[in-house]
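To keep things clear, I will list the structure first and then write my remarks on it.
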Amino acid sequence: MNSATWQFVIFMLFGLATLVLGYAARRRGWLDESLSRPIHFHTVTWIWSAVALLSIWRMPIDPETAWLLVIVPAMVIVPALVAIPLARWWLGNDRNAIGVMAISAGVSNTGSTMGAFLCYVMLDPPEASRGYGIVYVTIMAAFGIIVLYPMAAHFAPHEQGVPKSISRLMLKSFICLPALSMYTAIVGVILSITHVPFPQWITDYKIITVMFYAASFGGYLGIGLRLRLGNPMQYFKHHLFLVFIRFTFAPLLAWLIIQAIQQTPWAINPVMVRAIILESYMPAAVFSVMTANLFHLDVRLASATWLVNTLLFVVLPLPFLLWLI
């Protein structure tokens, strides 16, 4: 295996070990599962924000980067909308399950726990590729709130109650501390555009790589504390559905969007093309589990499909991507 493959294998094994650690810690009573929330809060607030600032600061910002403001919303909205009639046809009229599948179709693990790290270790130049990945996930998070919160509320079982004001919830999501990464990303853009020198010691001591591992540790430990394992075949049809959406439909959609853009006078560069294609193959995101929990959808279904989709990513598209890129 080449260097990029080894780096990703080590990173994935580290994440898996952390997930198992969280699961075992809850089962054995070492840690209470209520710690999952503060662990995720501090990971998202501080570590993700630092990664966003440093990664985007290091990347070159040019006019064609603005295409991500078109591409990423399309990659959130179109799969989510397509998933609704497909899920109804494939899974029946279970509104709860349709809602979970639509949310899982709309967002993927494009950030520091997978997609952006893959961009960093697999693509050249690594700094620009990582920056594109971080910009991608930052825009995806924003549009996930704008588009998928109302969608989740629509499919929520109303007898259990949902947040009274979706607009207030959306606004709060943009001004709370966990949203800090959106604003540090903007600071990173300003620092890059104004050509403020990037501190060399951060590169020398591989600080950003350390932060990727810290983000993975906090993210997967918190998930492990909440993880419930059931019959893996219980959601067999749901797993097949997400395999199609995440590993076939989404990459095809990204390819079609790129082909359309390349016909314009404002074609995007090859590095950005490769980063977008790579990110389009990413599996379902933890955001789907969090949103299902918030809106009283089927959290067990969301957790199971997230976990299985992530594992299937490793054995299905990942070998192809390593060979291709």
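Bear in mind that the values here come from a model prediction, so they are computed numbers and not experimental data.
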Is a side-chain donor-acceptor pair under 3.5 Å present for Arg58 with Thr203? yes
Out of the candidates Val189, Val187, Leu191, only one should pair with Trp57 under the side chain to side chain contact (heavy atoms under 4.5 Å, CB included) rule; please name it. Leu191
Positive for side chain to side chain contact (heavy atoms under 4.5 Å, CB included) with Ile56, one of Val51, Ile190, Ile134: Ile134
Write down the atom of Ala179, the atom of Tyr183, and the distance for their closest heavy-atom approach. O-CD1, 3.3 Å
Over 12 non-hydrogen atoms of neighbours within 6.0 angstrom of NZ in Lys206: no
All heavy atoms of Gly144 vs all of Val107, minimum pair found to be CA-CG1, 4.4 Å
For residues Ala116 and Gly133, report the shortest heavy-atom separation together with the two atoms involved. CB-C, 4.1 Å
State, yes or no, whether a side-chain contact exists between Trp266 and Glu64 at a heavy-atom distance under 4.5 Å. no
Which heavy atom of Met282 sits nearest to which heavy atom of Arg246, and what is that distance? O-NE, 2.9 Å
Does Phe287 reach the side chain of Leu148, with side-chain heavy atoms less than 4.5 Å apart? yes
Closest non-hydrogen atom pair, Ala128 against Pro60: CB-CD, 3.8 Å
Can a donor-acceptor pair be found, under 3.5 Å and without considering hydrogens, that links the side chain of Arg26 to the backbone of Leu227? yes
Considering all heavy atoms of both residues, which atom of Ile98 and which atom of Phe155 are nearest to each other, and what is their separation? CG2-CE2, 3.6 Å
Is the gap between the ring centers of Tyr149 and Phe295 under 6.0 Å? yes
With a 4.5 Å limit on heavy-atom distance, are the side chains of Leu13 and Val9 in contact? yes
Can you confirm whether or not the ring centre of Phe241 sits under 6.0 Å from the ring centre of Trp90? no
Parallel, tilted or perpendicular for His239 and Tyr235, by the 30°/60° rule? perpendicular
Might you confirm whether atom OH of Tyr205 has over 12 heavy atoms from other residues, nucleotides or ligands at distances under 6.0 Å? no
Short side-chain to backbone donor-acceptor contact, Asp298 and Asn96, under 3.5 Å: no
Across all chains, not counting sequence neighbours, the ring-ring contact (aromatic ring centres under 6.0 Å, His included) partners of Tyr213 are Phe11, Phe14
Evaluation steps, side-chain contact (heavy atoms from CB on, under 4.5 Å), between Asn309 and Phe247: CA-CA 10 Å; Asn309 199 240; Phe247 305 148; 3.7 Å; yes
Would you check if His42 and Ile47 make a side-chain contact, meaning some heavy-atom pair closer than 4.5 Å? no
